[in-house]
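The structure presented is a predicted model; accordingly, all values stated were derived computationally and were not measured.
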Amino acid sequence: RPCTLPVKMAVGKNKRMSKGKKGGKKKALDPFLKKDWYDIKAPSMFSVKQVGKTLVTRSQGTKIASDGLKGRVFECSLADLNQDEDQ
């Protein structure tokens, strides 16, 4: 005759086994969906007004898009600004 011992399981300890994972995986978002294009403008003394475009992350909460643009340095040749091949 086999010996059977009474087995008691802790009540309420395995609640998460039946439920799905908490949090789960986030969907992969394209980082470019959160960005806007801004025009790079040259000073009025040059004949070319728009030099190019640049990407910046959109304003969200306390982060402002214009703060992301401040301090950026762009290089452009003088010949491109004056539309002159000789310079």
Side-chain angles (χ1 to χ4, degrees):
R1 202 169 138 167
C3 180
T4 56
L5 296 173
V7 177
K8 286 188 177 182
M9 292 186 70
V11 178
K13 291 286 184 181
N14 296 328
K15 286 182 181 178
R16 298 200 64 205
M17 288 182 76
S18 61
K19 293 183 182 177
K21 283 187 176 179
K22 201 171 191 177
K25 275 191 174 179
K26 284 189 176 180
K27 289 183 182 176
L29 277 174
D30 186 17
F32 287 97
L33 293 174
K34 297 179 183 176
K35 298 188 185 286
D36 286 326
W37 287 98
Y38 279 79
D39 293 331
I40 303 167
K41 295 183 179 178
S44 58
M45 59 206 253
F46 298 109
S47 57
V48 175
K49 300 297 180 222
Q50 186 177 340
V51 179
K53 290 185 172 278
T54 187
L55 273 174
V56 68
T57 307
R58 274 194 196 115
S59 297
Q60 182 180 7
T62 57
K63 286 188 174 182
I64 302 168
S66 61
D67 289 343
L69 289 169
K70 289 177 184 171
R72 291 192 185 186
V73 178
F74 300 95
E75 289 186 19
C76 186
S77 69
L78 189 60
D80 290 337
L81 290 172
N82 288 327
Q83 291 182 329
D84 187 8
E85 296 287 326
D86 297 332
Q87 288 183 337

Could you tell me the separation between the [atom1] atom of [X] and the [atom2] atom of [Y], rounded to the nearest 0.5 Å?
| X | Y | atom1 | atom2 | value |
| --- | --- | --- | --- | --- |
| T57 | K63 | OG1 | NZ | 7.5 Å |
| L55 | L69 | CG | CG | 10.0 Å |
| D67 | I64 | CG | CD1 | 5.0 Å |

Above 12 or not: heavy atoms from other molecules or residues under 6.0 Å from CZ of F74?
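Yes - once you tally the heavy atoms of other residues, nucleotides and ligands closer than 6.0 Å, there are more than 12.
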
Does Q50 CD have over 12 foreign heavy atoms under 6.0 Å away?
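Atom CD in Q50 is crowded, with more than 12 foreign heavy atoms closer than 6.0 Å.
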
For residues 40-49, which side-chain N or O atoms pair as donor and acceptor with protein atoms under 3.5 Å away, sequence neighbours left out?
{"unit_1": "S47", "atom_1": "OG", "unit_2": "L81", "atom_2": "O", "d": "3.2"}
{"unit_1": "S47", "atom_1": "OG", "unit_2": "N82", "atom_2": "O", "d": "3.4"}
{"unit_1": "K49", "atom_1": "NZ", "unit_2": "S44", "atom_2": "O", "d": "3.2"}
{"unit_1": "K49", "atom_1": "NZ", "unit_2": "F46", "atom_2": "O", "d": "3.0"}

Does F32 belong to the same Ile/Leu/Val/Met/Phe/Trp/Tyr cluster as W37, with side-chain heavy atoms less than 4.5 Å apart forming each link?
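The answer is yes; both residues are in one hydrophobic cluster.
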
Keeping to residues at least two apart or across chains, list the salt bridge (charged side-chain N to carboxylate O under 4.0 Å, His left out) pairs with something in residues 53-62.
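Those involving residues 53-62 are D36-R58, D39-K53.
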
Of the non-hydrogen atoms in A65 and S59, which two are nearest, and what is the gap between them?
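Shortest heavy-atom contact: N-OG, 2.9 Å.
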
